Each structure stands twice: as C-alpha cells, then as structure tokens.
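Here the structure is laid out as structure tokens; the discussion comes afterwards.
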Amino acid sequence: MTAAVLPLSATAEQRLPGVARAALIAFLWLLPFHSLVIAILYAVVGVPEDTVRAIAAWKEVVIAVLLAWVAMRALLSRGPRAAIAPTDVALAALFGIAMVSMVIANPIFHANLPPGGMLYGFRDAVYFMGLYWVGRASPEIAESDWVLRHAFLIALVISVIGIVERIFVSPEMLVLLGVASYMNDFLGLSAYTVGNEYGLPAN
C-alpha cells in the first residue's frame, strides 16, 4: 500500500508548480502571525495607520494573485480538470449576492454606507472564500506531501505557542505588545473588549 501511495505523491509533487508551492507555503506560515506583527507595527513601532493598513492588505493581494493564477492556468488548460459541483454554484451565488448588495445597498436600501465600509464588509463576508476556488482548481495541493508537511508543522508551532502564551504571557505583556490598541483603535472592536480592564477581548 505504501509503495502505491509514494509514486502518486511524487507525481502530484511534480505537477504542482514550484512558484505556486513556495507562495502557498509562505502564505500558510505568515498568516498565523499576521495580527501580532500588525499590532506591533501600529502600537509599538508607531508606523502610520494608512501604511499599516496597506501592509495588512497583503493577505487580500495574495488571494487575488492565487485566483488569477488558477484562472489563467484553467484558461490555458494547464491544470487538472474538475467537474462543476453544487458547492461551486452555491459559493458563486454568495459572491454574486455580495457584489449586488454592494451596488444597490445605498441607492435602493439607503444604507448610507461609505465605500470603504462596503469593501471591508465584502472582504469579511465572502472574499476569503476565494481560496475555495484556488483549492478546487489545484487539487494537487492536497496531494502534495511537501505542502501537507508544512501545514502540520504550522499547526504544531501554533499549538505550542498557544500553550506557552496561556502559561507565561500576562495581559500586561499583551498590552505592551500593542494587542489592546490593535483591537480597539486599529480594528475598532471596542465592543468586544467592554468590561476588560486591559482593553483586551474577553476571551
């Protein structure tokens, strides 16, 4: 059985382009530490808010690049073919509804939402789901031993950090790292920190 699996993994590894594999692994490693880095840049280093927001948008840029990559690969017939599934239709419908709501929310429903607010809402509601299509258009990612090995290591590292943080990191230390300012001033999520004397989320 092992002998049958190894050639399949090797073939899948060869099918996955090296640039795409490296970009995906970098994305997986950077994403868990995104909030902490942004908090330090904003509250400790003192980088201007607009600059920090531009830096924080790297996630959305990577998703757009990945979507463009799989779309181009599909158009050029270089990737594996996949039949349209009901989940594809459902997710496309969600994207369509979200985009339509951005267009009609103000003129028809008089929501009086600023353009930036609508874009943030679109991002938080459906934009991240674009990664679903990246996976659907590149199933060899799930068959890549190299990618799965990194995903396992990331999960292990994050779990260890979570345990260490719970034991050794105090609320005062989190405030010094800028977490409170990041939550309340940068993200504007003060509703989630009500009743916490440190200005941190209740959890």
Side-chain angles (χ1 to χ4, degrees), residues 4-39 41 52-103 105 115-159 161-162 182 186-187:
V5 172
L6 288 177
L8 174 61
S9 298
T11 303
E13 196 72 63
Q14 292 172 0
R15 287 203 310 266
L16 184 63
V19 174
R21 185 176 62 202
L24 178 63
I25 290 173
F27 181 77
L28 291 175
W29 275 106
L30 290 172
L31 191 60
F33 305 101
H34 163 82
S35 295
L36 179 61
V37 172
I38 296 302
L41 288 176
V52 176
R53 292 195 183 280
I55 295 172
W58 71 271
K59 312 181 302 304
E60 290 75 22
V61 173
V62 169
I63 293 175
V65 170
L66 287 173
L67 284 171
W69 171 65
V70 296
M72 183 62 66
R73 197 170 67 145
L75 290 173
L76 297 176
S77 300
R78 293 182 178 177
R81 294 184 178 182
I84 297 177
T87 49
D88 300 332
V89 178
L91 203 60
L94 281 176
F95 262 83
I97 292 171
M99 295 182 71
V100 169
S101 68
M102 289 179 61
V103 176
M118 288 192 290
L119 287 174
Y120 276 120
F122 178 81
R123 181 200 66 178
D124 294 341
V126 298
Y127 184 72
F128 68 94
M129 295 181 186
L131 289 174
Y132 164 84
W133 277 308
V134 175
R136 284 283 289 144
S138 51
E140 67 270 34
I141 289 175
E143 299 171 352
S144 170
D145 284 346
W146 185 251
V147 173
L148 293 178
R149 193 178 300 120
H150 277 271
F152 176 79
L153 287 175
I154 292 167
L156 180 63
V157 169
I158 293 173
S159 298
I161 291 175
Y182 169 73
F186 187 76
L187 295 181

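One-based numbering along the sequence shown. Fair warning: this is a prediction, and the values are worked out from it, not measured in the lab.
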Minimum heavy-atom separation for F95 and G130, please, with both atom names.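 Answer, listing the atom of F95 first, then G130: CZ-N, 3.9 Å.
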Restricting to non-hydrogen atoms, name the atom on V126 and the atom on A98 that form the minimum distance, rounded to 0.1 Å.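 Smallest heavy-atom distance, with atoms named: CG2-CB, 3.7 Å.
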Please examine the side chains of [Y] and [X], heavy atoms only from C-beta on, and report whether any two atoms are closer than 4.5 Å.
{"X": "W58", "Y": "H34", "answer": "yes"}
{"X": "Y182", "Y": "V52", "answer": "no"}
{"X": "F33", "Y": "I161", "answer": "yes"}
{"X": "R53", "Y": "F186", "answer": "yes"}

Side-chain polar contacts of residues 115-123 - donor-acceptor pairs under 3.5 angstrom, sequence neighbours left out - could you list them?
none

Go through L91 and L94 one step at a time and tell me if the side-chain contact (heavy atoms from CB on, under 4.5 Å) criterion holds. CA-CA 5 Å; L91 203 60; L94 281 176; 4.1 Å; yes
Kindly write out the residues that satisfy side-chain contact (heavy atoms from CB on, under 4.5 Å) with [X], not counting sequence neighbours, or none if the list is empty.
{"X": "A137", "value": "V70"}
{"X": "I97", "value": "none"}
{"X": "M72", "value": "L76"}
{"X": "V65", "value": "V61"}

Ion pair present between R73 and E140, side-chain N to carboxylate O less than 4.0 angstrom?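 Between E140 and R73 there is a salt bridge, with a charged N closer than 4.0 Å to a carboxylate O.
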With rounding to the nearest 0.5 angstrom, report the [atom1] to [atom2] distance, [X] to [Y].
{"X": "L131", "Y": "I63", "atom1": "CG", "atom2": "CD1", "value": "4.0 Å"}
{"X": "W29", "Y": "L153", "atom1": "CH2", "atom2": "CG", "value": "5.5 Å"}
{"X": "L31", "Y": "I154", "atom1": "CG", "atom2": "CD1", "value": "9.0 Å"}
{"X": "L24", "Y": "I141", "atom1": "CG", "atom2": "CD1", "value": "5.0 Å"}

Tabulate below the donor-acceptor pairs under 3.5 Å that side-chain atoms of residues 82-89 make, not counting sequence neighbours, or state none.
unit_1	atom_1	unit_2	atom_2	d
T87	OG1	Y132	OH	2.6
D88	OD1	Y132	OH	2.6
D88	OD1	R136	NE	3.0
D88	OD2	A85	N	2.8
D88	OD2	R136	NE	3.4
D88	OD2	R136	NH2	2.7

Take atom CE of M99 as the centre, draw a 6.0 Å sphere, and report whether it contains more than 12 heavy atoms from other residues, nucleotides or ligands.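 No.
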With sequence neighbours left out, what residues match Y127 under ring pair (Phe, Tyr, Trp, His ring centres under 6.0 Å)?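 By the ring pair (Phe, Tyr, Trp, His ring centres under 6.0 Å) rule, Y127 matches no residue at all.
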Could I get the full list of side chain to side chain donor-acceptor pair (under 3.5 Å) partners for R149, not counting sequence neighbours?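 Scan of R149 (side chain to side chain donor-acceptor pair (under 3.5 Å), adjacent residues dropped) gives none.
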Could you give all pairs that pass the salt bridge (charged side-chain N to carboxylate O under 4.0 Å, His left out) test and reach residues 29-38, with sequence neighbours left out?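 Qualifying pairs: none.
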Pairs meeting criterion salt bridge (charged side-chain N to carboxylate O under 4.0 Å, His left out) with involvement of residues 28-37, two or more places apart: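 Passing the test, one end in residues 28-37: no pairs.
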